[in-house]
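Quantities reported herein were computed from a predicted structural model and do not represent experimental measurements. Naming convention: chains lettered A, B, ... in sequence-line order (proteins, then strands); numbering from 1 in each chain.
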2 protein chains.
Amino acid sequence: MKTQLKKGVLDLCVLAVLDRGDSYAYELVNQLAQGMQISEGTIYPLMRRLQAEAWVETYLVESSAGPSRKYYRLTAAGRAELDAMRREWRDFVSEVELVLSPAPQTEEALS
Amino acid sequence: MKTQLKKGVLDLCVLAVLDRGDSYAYELVNQLAQGMQISEGTIYPLMRRLQAEAWVETYLVESSAGPSRKYYRLTAAGRAELDAMRREWRDFVSEVELVLSPAPQTEEALS
DNA sequence: CCGCATTACCTTGCAATGCAAGGTATCGTG
DNA sequence: CACGATACCTTGCATTGCAAGGTAATGCGG
């Protein structure tokens, strides 16, 4: 999948996944990596940004196999942002589809 | 419209517009600026990239009001690329919509 | 004829973000 | 006790959109 296309969408995707239940970065990468490529070098800075915006909050959970996991939970603000991003996403897709669709036959295009 | 979302899509949009007829950068900005914001500082480097990839070729046309216009015409390679990009776009949208849709209830998620 | 708006071209520097590469630490198993 | 898997993280680079600024041609009003 083209790298540039993902820019600005991964936030939305991560928030959407977290809306289905708390998770931690390492797991998020594995989940998202199935459909769209995404690597650790992407997710960790991204989670920091989400936390800096107060869209998620964290808590540690000890693991039976490996170091403690830093779980992320959506905040109320995060859920609101998720809704806003969903709307932006739909508007964006509509806009692009409009450009991609065949000429809209505007009357004044016959100069 | 969010800046980051546009990354990787503007190429596709410009090629799609050119597929409907030759145009020049200044006009492309005005056309695209209706739906999605786009500025001159974006379009000129972009057109250079498209030309460097040989997806478009140029020819000058003198204008009755202002300096000569540098028209861009889609090449065969450009048209092929446009088709490829359209497919990538659809795949990309599908992938994101999949993530945004409610939990798909995979059996093995009950560990 | 001169300045100004409009058209039309272009470049520089910055900001945002995805990613490869590399680093650290913990746990269970052989 | 070495190793793989799990899980965390950072640094530096590449790409790309954009604001800001610069150049030049044309026609019009004063």
Is A/L100 close to B/M85 at the side-chain level, that is, under 4.5 Å between some pair of heavy atoms?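 They are not in side-chain contact.
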Any side-chain heavy atom of A/Y72 within less than 4.5 Å of one from A/L50? no
Rounding to a whole Å, what distance do you find between [X]:[atom1] and [N]:[atom2]?
X: B/R69; N: D/dT26; atom1: CZ; atom2: C1'; result: 12 Å
X: A/E62; N: D/dC8; atom1: CD; atom2: C1'; result: 15 Å
X: B/Y24; N: D/dA25; atom1: OH; atom2: C1'; result: 14 Å
X: A/E40; N: D/dA7; atom1: CD; atom2: C1'; result: 7 Å
X: A/Q4; N: D/dA14; atom1: CD; atom2: C1'; result: 8 Å
X: A/I43; N: D/dA7; atom1: CD1; atom2: C1'; result: 13 Å
X: B/L50; N: D/dT15; atom1: CG; atom2: P; result: 15 Å
X: B/R48; N: D/dG17; atom1: CZ; atom2: C1'; result: 17 Å

Distance-only criterion, 3.5 Å: show the donor-acceptor pairs between side-chain atoms of residues 2-17 of chain A and protein atoms not counting sequence neighbours.
residue	atom	partner	partner atom	Å
A/K2	NZ	B/E88	OE1	2.9
A/K6	NZ	A/Q37	O	2.9

Pick the closest DNA chain D nucleotide for A/T42 and for A/S63 by heavy atoms, then say which residue is nearer the 5' end.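 The residue closer to the strand's 5' end, by nearest nucleotide, is A/S63.
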Tell me, please, which residues at least two apart from B/Q34 pass side-chain contact (heavy atoms from CB on, under 4.5 Å).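 Applying side-chain contact (heavy atoms from CB on, under 4.5 Å) to B/Q34 gives none.
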Residue list, side-chain contact (heavy atoms from CB on, under 4.5 Å) with A/A77, at least two apart or on another chain: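 For A/A77 the side-chain contact (heavy atoms from CB on, under 4.5 Å) partners, ignoring immediate neighbours, are A/W55, A/T75.
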For D/dT15, does OP1 or OP2 lie under 4.0 Å from any side-chain N or O of A/T3?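 It does not, given that no N or O in the side chain of A/T3 lies less than 4.0 Å from OP1 or OP2 of D/dT15.
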Under the side-chain hydrogen bond (donor to acceptor under 3.5 Å, both in side chains) test, residues paired with B/D22 that sit two or more places apart: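 B/D22 satisfies side-chain hydrogen bond (donor to acceptor under 3.5 Å, both in side chains) with B/Y59 only.
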Nucleic acid contacts - residues 5-18 of chain B versus DNA chain D, non-hydrogen atoms under 4.0 Å: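 Those residues are B/K6, B/K7, B/G8, B/L10.
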Pairs in or reaching into residues 37-61 of chain A: which pass salt bridge (Lys or Arg N to Asp or Glu O under 4.0 Å), with residues at least two apart or in two chains?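 Listed by first then second residue: A/E57-A/R73.
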Within residues 61-72 of chain B or reaching into it, pairs that qualify as salt bridge (Lys or Arg N to Asp or Glu O under 4.0 Å) - sequence neighbours excluded: none
Run the ring-ring contact (aromatic ring centres under 6.0 Å, His included) test against B/Y44 and tell me which residues pass, sequence neighbours left out. none
For DNA chain C, whose closest nucleotide is more 5', that of A/L46 or that of B/K70? B/K70
Strictly under 3.5 Å: I want the nitrogen or oxygen pairs between protein and nucleotides 27-30 of chain D, one per line.
residue	atom	partner	partner atom	Å
D/dG27	OP1	B/S64	O	3.1

For residues 8-30 of chain A, pull every pair meeting ring-ring contact (aromatic ring centres under 6.0 Å, His included), keeping only residues two or more places apart or in separate chains.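 Sorted pair list: A/Y24-A/Y71.
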DNA chain C: 5'-most and 3'-most nucleotides touching chain B, 4.0 angstrom heavy-atom criterion: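 Terminal contacting nucleotides, 5' to 3': C/dT7 to C/dT17.
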Please enumerate all residues that pass salt bridge (Lys or Arg N to Asp or Glu O under 4.0 Å) together with B/D19, with sequence neighbours excluded. B/R79
